[in-house]
2 protein chains.
Amino acid sequence: MDPDLPFDVFARSCPSRGTLEHVTGRWGALTVVALYECTLRFNELRRRVDGVSEKMLSQTLHALERDGLVHREAQPTNPPRVDYALTPLGQDVADRLMGLIGLLEERMPEILAAQEKYDAERGA
Amino acid sequence: MDPDLPFDVFARSCPSRGTLEHVTGRWGALTVVALYECTLRFNELRRRVDGVSEKMLSQTLHALERDGLVHREAQPTNPPRVDYALTPLGQDVADRLMGLIGLLEERMPEILAAQEKYDAERGA
DNA sequence: CAGCATCCCGGCCGATACTG
DNA sequence: CAGTATCGGCCGGGATGCTG
């Protein structure tokens, strides 16, 4: 990308690779985008991100929190209540991810047509 | 995202999930972005995407080609020459991905600081 | 409710060898 | 050069059970 930047995602050892994988991983992108609109609690998030297991959501949130994209706030109440929200940096990342996901959703007809054509020509 | 769209990435069964994973997968994002600037041959791509194995690059390219994001053009010469380029849809996806990656690269200092703080407080 | 610990299976992915 | 074929390790991630 910008050759003057000290971080180059194309380099195997660049730490940006790790964060990119957290953000674009199987559950990372959906989790970040789910938090775009509003703060959510653990199980609210779990319901919103259809299909994620408790374990994976927990892992994903820890990684995103460590990267400074998600803020975790535990209320010392009973029953416990924990809110997850995006940090300002997380909001910026979410903007980009929403652009990407929105594009894919919009152009799914085109993608599905390409897949059918590909399968018809090759796979059978 | 847009509730009027027939495709919702949050739904487990939505086909957009698959394409999102191809595009954001471990090698998908880097492959698409590597092709942003220019057409590349297989081994050029392999060198650009530092760390990818032959097998993974091949699989990634097939998935992206099937989704209609990458165009593959084989020249019947000897030695063989195969060029990979983005389709118009692939270009649009690459734009979004470059925005995301550029943002992460720019703000890596912030991310690294968050990681250190997290590790200092918890892990250690 | 929020979550960690444990078990365990499938498949991701790297390494190697081979083909046109 | 541009791949495919095959093997095998390891870990992603689902299921279950338990804690505060």
Side-chain angles (χ1 to χ4, degrees), chain A residues 12-13 17-31 34-35 38-67 70-85 118 121-124, chain B residues 11-13 17-31 34-35 38-66 70-85 118 121-124:
Chain A
R12 194 191 332 225
S13 62
R17 279 263 181 112
T19 302
L20 179 63
E21 284 174 25
H22 296 156
V23 161
T24 65
R26 181 154 180 210
W27 303 113
L30 294 176
T31 301
L35 290 173
C38 57
T39 292
L40 288 175
R41 303 175 56 179
F42 188 82
N43 279 325
E44 288 171 341
L45 212 37
R46 188 151 147 53
R47 280 187 292 275
R48 181 97 176 95
V49 182
D50 189 21
V52 70
S53 72
E54 191 180 85
K55 176 183 167 182
M56 282 301 101
L57 181 56
S58 180
Q59 276 188 17
T60 300
L61 285 169
H62 280 309
L64 295 174
E65 187 192 355
R66 193 175 102 94
D67 289 338
V70 161
H71 175 71
R72 178 182 186 278
E73 186 150 5
Q75 322 269 353
T77 62
N78 193 321
R81 174 191 183 95
V82 181
D83 291 318
Y84 291 93
Y118 183 94
E121 288 174 3
R122 320 205 99 197
Chain B
R12 193 191 332 225
S13 62
R17 280 260 181 113
T19 302
L20 179 63
E21 283 175 25
H22 296 156
V23 160
T24 64
R26 181 155 179 210
W27 303 114
L30 293 177
T31 302
L35 289 173
C38 58
T39 293
L40 288 176
R41 302 174 59 178
F42 188 82
N43 279 327
E44 289 172 340
L45 212 36
R46 188 152 149 52
R47 280 187 293 274
R48 181 98 176 93
V49 182
D50 189 22
V52 70
S53 72
E54 207 172 77
K55 176 182 166 183
M56 281 301 99
L57 181 57
S58 179
Q59 277 187 18
T60 300
L61 285 168
H62 280 310
L64 294 175
E65 187 191 356
R66 192 175 102 96
V70 162
H71 176 70
R72 179 182 185 279
E73 186 150 6
Q75 322 270 351
T77 61
N78 193 320
R81 176 193 182 93
V82 181
D83 291 316
Y84 292 92
Y118 183 95
E121 289 175 0
R122 320 207 98 198

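So that the names make sense, note that chain A is the first sequence line, chain B the second, and so on, each numbered from 1.
Sorted by first then second residue, the salt bridge (Lys or Arg N to Asp or Glu O under 4.0 Å) pairs that include residues 39-48 of chain A, not counting sequence neighbours, number zero. The salt bridge (Lys or Arg N to Asp or Glu O under 4.0 Å) contacts involving residues 70-80 of chain A comprise nothing, where partners must be two or more places apart or lie in separate chains.
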Protein heavy-atom contacts under 4.0 Å, written 5' to 3' over nucleotides 4-13 of chain C as B (base), S (sugar-phosphate only) or - (none), form the string B--B-----B
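Of all heavy-atom pairs between A:A85 and A:T39, the closest is CB-OG1, 3.4 Å. Between B:V49 and A:R17, the closest heavy-atom pair is C-NH2, 4.5 Å.
Taking a heavy-atom distance under 4.0 Å as the criterion, the stretch of DNA chain D touched by chain B extends 5' to 3' from D:dC1 to D:dC7.
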Could you list the donor-acceptor pairs under 3.5 angstrom formed between side-chain atoms of residues 55-67 of chain A and any protein atom two or more places apart in sequence or on another chain?
| from | atom 1 | to | atom 2 | distance (Å) |
| --- | --- | --- | --- | --- |
| A:T60 | OG1 | A:M56 | O | 2.7 |
| A:H62 | ND1 | B:Y118 | OH | 3.4 |
| A:R66 | NH1 | B:D119 | OD1 | 2.9 |
| A:R66 | NH1 | B:D119 | OD2 | 2.5 |
| A:D67 | OD1 | B:Q115 | NE2 | 2.6 |
| A:D67 | OD2 | A:H22 | ND1 | 2.6 |

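A:T31 contributes atom OG1, which lies 5.5 Å from atom CG of A:L45 (distance to the nearest 0.5 angstrom). Atom-to-atom distance recorded for B:R26:CZ and A:R26:CZ is 16.0 Å, nearest 0.5 angstrom.
Rounded to whole angstrom, the span from the CG atom of A:L57 across to the P atom of C:dG3 amounts to 9 Å. Between B:R46 atom CZ and C:dA15 atom C1' the separation is 11 Å, expressed in whole Å. Protein atom CD of A:E44 is 7 Å distant from nucleotide atom P of C:dA2, rounded to whole Å.
For the helix from C:dC1-D:dG20 to C:dG20-D:dC1, the angle separating the two terminal helix axes comes to 50°, with each axis derived from five pairs and the value rounded to 10°.
Side chains of B:V52 and B:L30 form no contact here, defined as non-hydrogen atoms less than 4.5 Å apart. Between B:F42 and B:V82, every side-chain heavy-atom pair lies at or beyond the 4.5 Å cut-off.
For A:D50 (side chain) and B:R12 (main-chain N/O), a donor-acceptor pair under 3.5 Å exists by modelled atom type.
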